[in-house]
Amino acid sequence: MAESVVLDPVDLHILRLLQNDARTTYRDLAAEVGVAPSTCLDRVARLRRTGVILGYQLRVDPAKVGRGLQALLSVQVRPHRRDLIGPFVERVRALPESRSLFHLTGPDDYLVHVTVADTADLQRLVLDEFTSRPEVARVETRLIFQQWDCGPLLPPA
């Protein structure tokens, strides 16, 4: 397990602001948190260097690019052996429909968030890319009606 990084209130404020808008300029960020722009730049650089900030992402609306249906696929892999799950994970990560992949405890081994054009595309994906694989024992599909982003990720109080 990775060690936690000690963060003071200014660091936490910077993280909160950047998670709400990663395009905020250093000048605006510094003014908002009450430090000099050079200090703000140093703090953000330290947060990157220590691995607190992993990067920045562009978010795309799946419906606007022809993938208006989202689903969660619960997948059981049998037998659950390292020599089978490595290639399985790489295959799922390479699928253009895959958005996130989680390795789980419990009855399901994986949870895959996918985006597809429609129900026919979802059926094709499940049949051709999942249940056709010999190591996949079961796939359970749940449609996503709506999704919300939650607040910024901060350490426990």
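Nothing fancy with the numbering, it's 1 onward along the sequence. Given the structure is predicted, the values throughout are model-derived calculations rather than measurements.
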Within a reach of under 6.0 Å around CZ of R78, are more than 12 heavy atoms found that belong to other residues, nucleotides or ligands?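 Check passes, neighbour count above 12.
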
Sequence-distant partners of [X], side-chain hydrogen bond (donor to acceptor under 3.5 Å, both in side chains), two or more places apart:
| X | value |
| --- | --- |
| R124 | E97, D121 |
| R81 | D83 |
| Q76 | none |
| D11 | R43, R46 |

Looking at [atom1] of [X] and [atom2] of [Y], how far apart are the two atoms once the value is rounded to the nearest 0.5 Å?
| X | Y | atom1 | atom2 | result |
| --- | --- | --- | --- | --- |
| L95 | R93 | CG | CZ | 11.5 Å |
| I53 | Q19 | CD1 | CD | 8.5 Å |
| R67 | L122 | CZ | CG | 11.5 Å |

Enumerate the residue pairs fulfilling side chain to side chain donor-acceptor pair (under 3.5 Å) with a member in residues 143-152, sequence neighbours excluded, ordered by first and then second residue.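 Residue pairs passing side chain to side chain donor-acceptor pair (under 3.5 Å), neighbours aside: R59-D149.
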
Quick one: does L15's side chain get under 4.5 Å of V52's, heavy atoms only?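 With C-beta onward as the side chain, the pair touches.
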
Report the C-alpha distance between V60 and K64 in whole Å, list the side-chain angles of each, state the deciding distance to 0.1 Å, and finish with yes or no for side chain to side chain contact (heavy atoms under 4.5 Å, CB included). CA-CA 8 Å; V60 174; K64 300 268 168 80; 6.0 Å; no

Can you name the residues that form a side-chain contact (heavy atoms from CB on, under 4.5 Å) with [X], not counting sequence neighbours?
| X | result |
| --- | --- |
| T25 | R27, D28 |
| A36 | S38, T39 |
| S100 | F102, H113 |
| D21 | R23, T24 |

Grouping I, L, V, M, F, W and Y whenever their side-chain heavy atoms are under 4.5 Å apart, do [X] and [Y] come out in a common cluster?
| X | Y | result |
| --- | --- | --- |
| L111 | L101 | no |
| Y56 | L41 | yes |
| L73 | L84 | no |
| V5 | L12 | yes |
| V44 | L7 | yes |

Could you go step by step and tell me if I14 and L47 meet the side chain to side chain contact (heavy atoms under 4.5 Å, CB included) rule? CA-CA 10 Å; I14 289 170; L47 292 168; 4.1 Å; yes

Between T115 (side chain) and Q70 (backbone), is there a donor-acceptor pair under 3.5 Å?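 No; judged by distance alone, with no hydrogens or angles, the pair does not exist.
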
Sidechain-backbone polar pair: D109 side chain, T105 backbone, donor-acceptor under 3.5 Å: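 A pair under 3.5 Å: no.
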
Output all residues satisfying ring pair (Phe, Tyr, Trp, His ring centres under 6.0 Å) with Y110, sequence neighbours left out; order by chain, then residue number.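 Scan of Y110 (ring pair (Phe, Tyr, Trp, His ring centres under 6.0 Å), adjacent residues dropped) gives F88, H103.
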
Show your working on side chain to side chain contact (heavy atoms under 4.5 Å, CB included) between I85 and H80 and close with a plain yes or no. CA-CA 7 Å; I85 64 173; H80 195 153; 3.5 Å; yes

Just distance, no hydrogens or angles: give the donor-acceptor pairs under 3.5 Å from side chains in residues 150-157, sequence neighbours left out.
none

Under 3.5 Å donor-acceptor pairs involving side-chain atoms of residues 131-145, not counting sequence neighbours:
{"residue": "T131", "atom": "OG1", "partner": "V126", "partner atom": "O", "Å": "3.2"}
{"residue": "T131", "atom": "OG1", "partner": "L127", "partner atom": "O", "Å": "3.4"}
{"residue": "S132", "atom": "OG", "partner": "D128", "partner atom": "O", "Å": "2.7"}
{"residue": "R133", "atom": "NE", "partner": "E135", "partner atom": "OE2", "Å": "2.7"}
{"residue": "R133", "atom": "NH2", "partner": "E135", "partner atom": "OE2", "Å": "2.8"}
{"residue": "R138", "atom": "NH1", "partner": "E140", "partner atom": "OE1", "Å": "3.0"}
{"residue": "R138", "atom": "NH2", "partner": "D108", "partner atom": "OD1", "Å": "2.2"}
{"residue": "E140", "atom": "OE2", "partner": "R142", "partner atom": "NH1", "Å": "3.2"}
{"residue": "E140", "atom": "OE2", "partner": "R142", "partner atom": "NH2", "Å": "2.5"}
{"residue": "R142", "atom": "NH1", "partner": "S74", "partner atom": "OG", "Å": "3.2"}

Any idea which heavy atoms bring C40 and Y26 closest together, and the distance?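 Here C40 and Y26 meet closest at SG-O, 4.1 Å.
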
